[in-house]
Engineer: 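Let me begin by handing over the structure; questions about it come next.
Lettering follows sequence order; numbering is per chain, from 1. The figures here come from the full heavy-atom set of this structure, side chains too, leaving out hydrogens, waters and symmetry mates.
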Amino acid sequence: MKIISWNVNSVRARIDNIKEYIKDSSPDILLLQEIKTQNENFPINDFEELGYKSHVFGQKSYNGVAIVTKYEINNLDTDLIKDKLKQSRVISGEVKINKKKIELINIYVPNGNPVDTEKYEYKKEWLKKFINNIKKKIKKNSNILIAGDFNIIPEEIDVHDFKRYENDALGRLEIRKKYRELINLGFKDVYRFKNKAKQEYTFWDYFAGSWQKNYGMRIDHFLLSNNLIENIKSIKINKKPRAKEKPSDHTPIELEII
DNA sequence: ATGGCTGAGCTACTCAGA
């Protein structure tokens, strides 16, 4: 089964690009972030024509997450976090793979910049609430997959120029510690687990030829609970969609599990 | 190199992203 995570930066502006990607890569489940639309404007028909059902937690203009799937998903939940700003940033559900019930948690973590504002405080609070929630969840169910746009650069190797980001909301030690805290609850960063020293990115910003110069960062992640590690078949960052016309600034990360 | 693109909402321009 191939599960992919992709911050599409507007599902409607990107729909042709996404459909091409689906035809090319045949994912079973797409965990999408930054869909930037309300539920009623989500292109469910486009996905249905390709054989997928959509579960959407949308919001007007900003944020928004969705699970687009060929497999049945149960116990859908968009209420994982008591979000004081009521932003649509997390959707979860259960899928059965080889008799194992796995909880899929699709997240879009707040960006948090600039760091001297309430936006940064919101990111910290959001992560704190999320970690507390996962702490409780993993006691009841140890088959958990967390995927999405974390807006966190885990280590220096995960960005082209760490110096530029060490005081940024994506690279600050305080934030990277939250990521470690989450992993220490019993997860692996699947990409880094499989690629100890490889330097690859999932995001390149739109400015100044960042893509062409490979000025990127790895901020989109798959965290898999430790007892599912044996189920990993492959993990791959697929750079193809980032090279297309009208790309998202993020590119998909693909996890194959058995 | 802290905004030089991009998208939504809307129809001039702001807000947000990372």
Engineer: NA contact type, A/Phe150, heavy-atom cut-off 4.0 Å: base, sugar-phosphate, or nothing?
Structural biologist: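 Since no nucleic acid heavy atom lies under 4.0 Å of A/Phe150, the category is nothing.
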Engineer: Base, sugar-phosphate alone, or nothing: which one does A/Asp149 contact when heavy atoms must sit under 4.0 Å apart?
Structural biologist: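 It contacts sugar-phosphate atoms only.
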Engineer: Please give, in whole Å, the distance from B/dA16 C1' to A/His250 NE2?
Structural biologist: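 It works out to 12 Å between those atoms.
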Engineer: Could you give the CG-to-C1' distance, from A/Leu170 to B/dT2, as a whole number of Å?
Structural biologist: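 After rounding, the gap between these two atoms is 13 Å.
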Engineer: Write down the distance separating the C1' atoms in B/dG3 and B/dT14, rounded off to the nearest Å.
Structural biologist: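 That atom pair is separated by 15 Å.
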Engineer: Side chain of A/Arg12: nearest nucleotide among B/dG3, B/dC15, B/dA8?
Structural biologist: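 The listed nucleotide nearest to A/Arg12's side chain is B/dA8.
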Engineer: When we call it a touch if two heavy atoms are under 4.0 Å apart, what does A/Ala13 touch: a base, just sugar-phosphate, or nothing?
Structural biologist: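 A/Ala13: backbone/sugar contact only, no base atoms under 4.0 Å.
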Engineer: Less than 3.5 Å apart, any donor N or O on the side chain of A/Asn238 or A/Glu254 sitting next to an acceptor on the other?
Structural biologist: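 A pair is found: one side chain offers a donor N or O, the other an acceptor, under 3.5 Å apart.
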Engineer: How close or far is atom C1' of B/dG7 from atom CG of A/Asp205, stated in whole angstroms?
Structural biologist: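 Value for this atom pair: 15 Å.
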Engineer: A/Arg89 has a side chain; which of B/dT2, B/dG17, B/dG7 sits nearest to it?
Structural biologist: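 For the A/Arg89 side chain, the nearest candidate turns out to be B/dG17.
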Engineer: In this structure, how many angstroms lie between the C1' atom of B/dG17 and the CD1 atom of A/Ile153, rounded?
Structural biologist: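 Checked: the CD1 to C1' distance equals 14 Å.
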Engineer: Categorize A/Asn7 for me: base, sugar-phosphate, or nothing, with a 4.0 angstrom heavy-atom threshold over every strand shown.
Structural biologist: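 Here A/Asn7 touches the backbone only, sparing every base.
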Engineer: Could you tell me how far apart A/Gln59 (CD) and B/dA8 (C1') are, to the nearest whole angstrom?
Structural biologist: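 Nearest whole value for this atom pair: 12 Å.
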Engineer: At under 4.0 Å between heavy atoms, what does A/Lys119 touch on the DNA or RNA strands: base, sugar-phosphate, or nothing?
Structural biologist: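 A/Lys119: backbone/sugar contact only, no base atoms under 4.0 Å.
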Engineer: Between A/Asp220 and A/Ser5, is any side-chain donor less than 3.5 angstrom from a side-chain acceptor?
Structural biologist: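 Result is no, nothing qualifies.
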Engineer: Classify the angle between the aromatic ring planes of A/Tyr201 and A/Trp204 as parallel (below 30°), tilted (30 to 60°) or perpendicular (above 60°).
Structural biologist: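 Plane angle over 60°, so perpendicular.
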Engineer: Just call it for A/Arg164: base, sugar-phosphate, or nothing, with non-hydrogen atoms closer than 4.0 Å on any strand.
Structural biologist: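 Since a base atom lies under 4.0 Å of A/Arg164, the category is base.
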Engineer: Any side-chain N or O of A/Arg14 under 4.0 Å from OP1/OP2 of B/dT6?
Structural biologist: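 A/Arg14 to B/dT6 OP1/OP2: no side-chain N or O under 4.0 Å.
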Engineer: Nearest to the side chain of A/Lys60, which nucleotide is it out of B/dG9, B/dC5, B/dA16?
Structural biologist: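 Taking heavy atoms from C-beta onward, the closest nucleotide is B/dG9.
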Engineer: Tell me whether A/Lys140 at atom NZ has more than 12 heavy atoms from other residues, nucleotides or ligands lying less than 6.0 Å away.
Structural biologist: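 12 or below, so no.
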Engineer: How would you label the contact of A/Asp249 with the nucleic acid (heavy atoms, under 4.0 Å): base, sugar-phosphate, or nothing?
Structural biologist: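 A/Asp249: no heavy atom of the nucleic acid under 4.0 Å.
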Engineer: With a 4.5 Å cut-off on side-chain heavy-atom distances among I, L, V, M, F, W and Y, is there a chain of contacts connecting A/Tyr52 to A/Val11?
Structural biologist: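 Result: yes, single cluster for both.
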Engineer: Nearest of B/dT2, B/dA8, B/dC5 to any side-chain atom of A/Asp168?
Structural biologist: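 The answer is B/dT2.
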Engineer: Heavy atoms under 4.0 Å, any strand shown: does A/Tyr165 hit a base, just sugar-phosphate, or nothing?
Structural biologist: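 The residue A/Tyr165 makes no contact with any strand.
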Engineer: Any salt bridge between A/Glu200 and A/Arg242, counting N to O under 4.0 Å?
Structural biologist: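 Judged by the 4.0 Å cut-off on N to carboxylate O distance, A/Glu200 and A/Arg242 do not form a salt bridge.
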Engineer: Please compare A/Phe203 and A/Ala208 by the position of their nearest nucleotide in DNA chain B and report the one closer to 5'.
Structural biologist: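 Residue closer to the 5' terminus by nearest nucleotide: A/Ala208.
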Engineer: Closest-nucleotide mapping onto DNA chain B: is A/Ile35 or A/Tyr215 further toward the 5' terminus? I mean the 5' end.
Structural biologist: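 Its nearest nucleotide being more 5', the pick is A/Tyr215.
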Engineer: What integer distance in Å separates A/Leu32:CG from B/dG7:P?
Structural biologist: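 The distance from CG of A/Leu32 to P of B/dG7 comes to 17 Å, rounded to the nearest Å.
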Engineer: Write down the distance between NZ (A/Lys246) and C1' (B/dA8), rounded to a whole number of angstrom.
Structural biologist: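 Distance, rounded to whole Å: 12 Å.
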Engineer: Nearest-Å distance, CH2 (A/Trp204) to P (B/dG3)?
Structural biologist: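 Interatomic distance, CH2 of A/Trp204 to P of B/dG3: 24 Å.
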Engineer: Taking only the side-chain heavy atoms of A/Asn63 (C-beta and beyond), determine which of B/dG9, B/dA8, B/dG17 contains the nearest atom.
Structural biologist: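 The answer is B/dG17, which lies nearest to the side chain.
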